[in-house]
Amino acid sequence: MEAIKQEIELVLRRLLAERYSEAPERVAVEYPPRPGMGDLASPVAFELARRLRRAPRAIAQELAAAFPALAGVARVEAGGAGYLNLYLDRGAAARGLARELSAPPPAPSGDTILVEHTNINPNKAAHIGHLRNAVLGDGLARALRFLGHRVEVQNYIDDTGVQVADVLIGWSEMRQRPLAESRAFEGRIDHHLWDLYAQVTEWYAQDPSRRDLRAAYLKKLEEGTGEVAREAAHLTRRVVRRHLETMARIDVRYDLLPWESDILAFRFWESAFDLLRERGAVKRLESGERAGCWVMALEGPAFESLKEGEKIIVRSNGTVTYVGKDIAYQLWKFGLLARDFRYEVFLQDPDGHRVWSTTRGPGVDPHPRFGGAARVYNVIDVRQAYLQAIVVEGLKALGHAGQAERSVHFSYEMVALTPKSAATLGLSLSDEERSRPYIEMSGRRGLGVKADDLLDALERQALAEVQARHPHLGAGEAAALARLISNGALRYFMIKYTRNKVLAFDFDEALAFEGETGPYLQYAVVRANSIFEKQAASGGPDEAQAARWALEADFDLPPGEAAEEHWTLLMEAARFRETVAQAVETLELSHIAKFAFGLAQRFNTFYHKYPVIKEPDARWKRARVVLTYLFRSQMRRALELMGIAVPPRM
RNA sequence: GCGCCUGUAGCUCAGGGGACAGAGCAACGGCCUUCUAAGCCGUGGGUCAGGGGUUCGAAUCCCCUCAGGCGCGCCA
């Protein structure tokens, strides 16, 4: 579809230059809102009207009259108040689109694009906010790969932070149990720590002096030796394995797990600090409240509220802040740090995909090349916008303007609880909280919906639906279907909202399988599959035949009223690639979701109105087979980008 | 205080300079001897928070106001 649009734009540019000596930066070619306004349209005459001081309608008429013969374009008319409406030669255009859509997407090539997402602190279970992060990050990675980029996915593990110290303190100081005993715990350790973390917070509140324990634990963590560090390493690795299990349930995978403790061990920060000092990007304060701190000066409206216009990077006690470590990590991602990690395989998925991890151990050689990316996407919720901006300022201060430009904060709004859903969970809220539109989740308070619990609930619900429809199905098969369907529901739910809207979590909406949901999309493809299965069984044109007809553009559109609906289904399907490109450009993956839903709706209408198998006329049957095939192929691609699988039946 | 985001149908949300503002849910009414009813068709439902401006044209851009949320630490 993009090919013909570009040709039209080219023709219009030439026309504008020749007739009006105009060379606008962009000549829009868009899709008209209603049939009867052509297949494509351009509002270019409106733009010209002002500069030429003439009526847009008259200009559109001139352009229409002067529009040269162009393959695929049947006629051009002025429409509305001054639109240029283009009518395609639909038979020829449909055949062109069929060939275009039959081509496979490009193989990944070129520079690496790095996507960092998930990043769950390894001290508790993943919650629904992490699901939104992972679904968006994984969706972005898939979309980039589809567009032909080489993509590396990293899941950064902050294993040296105060939250990890808190659960260690909870175990050994609050409970008075040896840390090593945690190894004997059976079951979902992350869920257990979820509660422990909330308990420690309570315990601190009862006697705030207990918080003083943190400093000692943090020190032991950062030193990386001794019992606390050893048990912490064991515990956090176990928690991370659990997080990966949770994410595997929704088909989210990673290439590398960089550990913060390794960033410290490999002295990434020292290296970055040298660079920052050499460039004068940080300076040491000699007097005042902040004497002894190394700070970075920041200007601009975004930093207006900053104290003294400076951000502390190194504390007066010599330790580096979170932002400092992040600057070092970001430098490494771009290959701008003269250091690297050692690597080992963390685990291997059943399909052979390997998740690598940084390590202080001997490491494995050879290993894939990590980092050194040309472009970096950090998928983090909007509350981190300020810190992400500081990291970018750090790159600029070091003279890496290009990399700063290509450091993208993929920000999205948080997932929060409605007071209703909090009540469902039996969580205790203050009166003030109950009056709010939504309540922020809090790991410290244990306030939230655990990802596994939501996935469990979805699977139960999906299983009930499957059993109601297919009572004779074996338990294993029914459970497998339920998993695919519940994953479809979850993935779609997390991707359908625009990213800068708070997702106020509601159980009823999350557990829906009808209407604008993942299962609706899956169902449309299952129906298309079923047509091909039935055809193959009865000796009609099967999938392979459909693929040949599409590739060789060997079909005609039917005449009459049906023509419109056949054509629009194909036209809509053909917009997939540009939808993905637009989604990546705007970082708005909901475009892909909306596209898929609209396409499924169109197919369902088509399916209902135009039976394929029973069509007596071989020519029109062929058209329907080809359209069903092309719909399905685009829809499958769309679902794959969203990480949604197609169940064998529903 | 400064910065960012949000406000569109009863609810949850699309649309973010262009043609008559859309979808899902909910409500109501139809459609299963016809490729799977997790579906399809139809009905009702709107001061696009409010006010001013820019424009041939504003839900969309600018300014102000109101309401809600988030961020601004020698936490991560």
Side-chain angles (χ1 to χ4, degrees), chain A residues 28 30 32-34 37 41 43 46-47 49-50 55-57 79-83 85 121 158 160-164 214 260 289-290 292-295 300-307 311-317 319 321-323 325-326 381-387 389 411 413-414 416 436-438 440 462 465-466 468-470 485 488-489 496-498 500-504 506 508-509 512-524 526-535 538 540 590-591 593-594 597-598 601 604-605 607-615 624 628 649-650:
Chain A
E30 36 191 61
R34 264 170 292 280
M37 297 171 172
F46 292 106
E47 195 69 24
R50 170 180 331 207
R57 174 107 192 151
Y83 278 93
N85 290 339
N121 287 334
D158 180 1
T160 57
V162 68
Q163 345 76 28
V164 171
R214 282 171 164 172
E260 180 156 294
E289 247 183 13
R290 300 171 156 194
C293 293
W294 288 83
V295 300
F303 303 111
E304 194 81 352
S305 56
L306 209 58
K307 212 167 149 191
K311 175 72 190 169
I312 292 171
I313 305 296
V314 179
R315 303 180 188 104
S316 54
N317 68 4
T319 56
T321 59
Y322 169 71
V323 200
K325 282 182 271 192
D326 236 27
D381 82 52
V382 67
R383 289 171 294 186
Q384 302 261 19
Y386 166 76
L387 291 163
S411 97
E413 264 290 0
M414 61 178 171
R436 292 182 175 204
Y438 50 79
E440 220 175 315
E465 302 280 345
V466 168
R469 287 171 176 79
H470 307 285
I485 292 164
K496 75 170 176 175
Y497 299 102
T498 43
N500 50 9
K501 217 151 218 165
V502 175
L503 204 166
D506 179 273
D508 292 337
E509 281 167 23
F513 297 139
E514 286 170 17
E516 196 194 336
T517 66
Y520 178 92
L521 307 183
Q522 293 171 313
Y523 190 57
V526 167
R527 283 174 142 184
N529 280 338
S530 162
I531 291 174
F532 287 114
E533 277 164 30
K534 288 244 158 67
Q535 293 261 61
S538 65
S590 60
H591 289 316
K594 297 289 170 193
F597 179 63
Q601 271 185 317
N604 273 333
T605 306
Y607 173 92
H608 187 257
K609 208 161 168 185
Y610 301 104
V612 176
I613 295 172
K614 283 188 2 183
E615 171 56 42
R624 290 176 198 178
T628 301
R649 70 170 97 184
M650 282 182 81

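We name chains A, B, ... by the order of the sequence lines, and we start the count at 1 in each one. As the structure is a prediction and not an experimental result, all values here were calculated from the model.
- Using a 4.0 Å heavy-atom cutoff across all strands shown, A:N85 reaches at least one base atom of the nucleic acid.
- In this model, the phosphate group of B:G73 is not approached by any side-chain N or O of A:R290 to a distance below 4.0 Å at OP1 or OP2.
- Proximity of A:V612 to A:K534: side-chain heavy atoms (C-beta onward) are nowhere separated by under 4.5 Å.
- Listed nucleotides: B:G39, B:A76, B:C70. Nearest to the side chain of A:D158: B:A76.
- Residue contacts for A:Y438: at a heavy-atom cut-off of 4.0 Å it reaches the sugar-phosphate backbone alone, with no base atom in range.
- One can place NZ of A:K311 at 9 Å from C1' of B:C72, the figure rounded to the nearest angstrom.
- Nucleic acid contact for A:Q522: none, since no nucleic acid atom lies under 4.0 Å from a heavy atom of the residue.
- The side chain of A:R34 sits closest to B:G22 out of B:A76, B:C5, B:G22.
- Phosphate contact (OP1/OP2 of B:U54, side-chain N/O of A:R50, threshold under 4.0 Å): absent.
- A donor-acceptor contact shorter than 3.5 Å links the side chain of A:R469 to the backbone of A:E465.
- Look at A:Y520 and you won't find any side-chain N or O under 4.0 angstrom from OP1 or OP2 of B:A37.
- Checked by atom type and distance alone, the side chain of A:R57 pairs as donor or acceptor with a backbone atom of A:G80 at under 3.5 Å.
- Of the inter-residue distances, the one linking A:D158 atom CG with A:D326 atom CG reads 9.5 Å to the nearest 0.5 angstrom.
- Set against B:A76, B:G1, B:U12, the side chain of A:Y497 has B:U12 as its closest nucleotide.
- Counting heavy-atom neighbours within 6.0 Å of A:E47 CD, excluding the residue itself, gives a total of 12 or less.
- Inter-residue side-chain proximity for A:F513 and A:Q522 is flagged as unmet; no heavy-atom pair is nearer than 4.5 Å.
- A:L306 is listed as a side-chain neighbour of A:Y386, based on a closest heavy-atom distance under 4.5 Å.
- As judged by a 4.0 angstrom heavy-atom cut-off over every strand, A:V502 is placed among residues touching the sugar-phosphate backbone only.
- Rounded to the nearest 0.5 Å, atoms OH (A:Y607) and OG1 (A:T628) are 10.0 Å apart.
- The gap from the C1' atom of B:G29 to that of B:G68 amounts to 39 Å, rounded to the nearest Å.
- Each of B:U12, B:A38, B:C35 was ranked by its minimum atom distance to the side chain of A:Y607; first place goes to B:C35.
- With its glycosidic angle within 90° of 0, B:C32 is assigned syn.
- The residue A:E260 sits close only to the backbone: its heavy atoms come under 4.0 Å of sugar-phosphate atoms, none of a base.
- Under a 3.5 Å cut-off, the side chain of A:T321 and the backbone N or O of A:I313 do form a donor-acceptor pair.
- With rounding to the nearest 0.5 angstrom, the CD1 atom of A:I531 is 10.5 Å from the CZ atom of A:R624.
- Both key distances under 3.5 Å define a Watson-Crick or G-U pair, and stretches of 3 or more such consecutive pairs in RNA chain B run B:1-7 with B:66-72, B:10-13 with B:22-25, B:27-31 with B:39-43, B:49-53 with B:61-65.
- If you check every strand for non-hydrogen atoms under 4.0 Å, A:V314 touches nothing.
- Residue A:Y386 is classed as a sugar-phosphate contact, given heavy-atom separations below 4.0 Å to backbone atoms only.
- The side chain of A:R315 places an N or O atom within less than 4.0 Å of a non-bridging phosphate oxygen (OP1 or OP2) of B:C75.
- Classification of A:R383 and A:E440 as a salt-bridged pair holds, one side-chain N sitting under 4.0 Å from a carboxylate O.
- Taken from CG in A:N529 to CE in A:M650, the straight-line distance is 11.5 Å, to the nearest 0.5 Å.
- Between B:U60 and B:G51, the two P atoms lie 12 Å apart (nearest whole Å).
- In this structure, A:F532 reaches neither bases nor backbone, as no heavy-atom distance under 4.0 Å exists between it and the strands shown.
- Spacing between B:C75 and B:A9 at atom C1', rounded to whole Å, works out to 44 Å.
- Whole-Å rounding puts the A:E516 CD to B:A23 P distance at 12 Å.
- The base of B:C74 sits with one of its N or O atoms less than 3.5 Å from a complementary donor or acceptor on the side chain of A:S316.
- Distance check, rounded to the nearest 0.5 Å: OH of A:Y322 to CD of A:E260 gives 8.5 Å.
- Closest approach to the A:H591 side chain among B:U6, B:G68, B:G15 is made by B:G15 (side chain taken as heavy atoms from C-beta onward).
- Distances were taken from every side-chain heavy atom of A:Y322 (C-beta onward) to each of B:C35, B:A76, B:G1; the shortest belongs to B:A76.
- Residue contacts shown for A:R469 include a base, since a base heavy atom lies under 4.0 Å away.
- If you take CD of A:Q384 and C1' of B:C5, they are 16 Å apart, rounded to a whole angstrom.
- As rounded to the nearest Å, B:U6 and B:A59 have C1' atoms that lie 14 Å from one another.
- Listed nucleotides B:G24, B:G15, B:A38 differ in distance to A:I485; the shortest reach to its side chain belongs to B:A38.
- As judged by a 4.0 angstrom heavy-atom cut-off over every strand, A:F513 is placed among the base-contacting residues.
- One interatomic measurement links the two molecules: CD of A:E413 to P of B:C4, which rounds to 15 Å at whole-angstrom precision.
- Side-chain atoms of A:K594 and A:E516, non-hydrogen and from C-beta on, do get closer than 4.5 Å to each other.
- If you check every strand for non-hydrogen atoms under 4.0 Å, A:V295 touches nothing.
- Remark: A:N604 is in phosphate contact with B:C40, judged by side-chain N or O atoms under 4.0 Å from OP1 or OP2.
- Distance, A:K501 NZ to B:A23 C1': 13 Å, rounded to whole Å.
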Is there any protein nitrogen or oxygen under 3.5 Å from a nitrogen or oxygen in nucleotides 41-46 of chain B, and what are the pairs?
residue : atom : partner : partner atom : Å
B:C41   : OP1  : A:T605  : OG1          : 3.3

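- Whole-Å rounding puts the A:E509 CD to B:A26 C1' distance at 11 Å.
- With C1' as the reference atom, B:C4 and B:G15 are 22 Å apart, rounded to whole Å.
- Remark: P of B:A76 and CG of A:L387 are 10 Å apart, rounded to the nearest angstrom.
- Protein atom CD of A:E47 is 12 Å distant from nucleotide atom C1' of B:G57, rounded to whole Å.
- Among the heavy atoms of the strands, none lies under 4.0 Å from A:H470.
- The residue A:P33 sits close to a base: some heavy atom pair falls under 4.0 Å.
- Across all strands shown, A:A55 has no heavy atoms under 4.0 Å from either base or sugar-phosphate atoms.
- Of the listed nucleotides (B:A38, B:A19, B:G73), B:A19 has the atom at the smallest distance from the side chain of A:M37.
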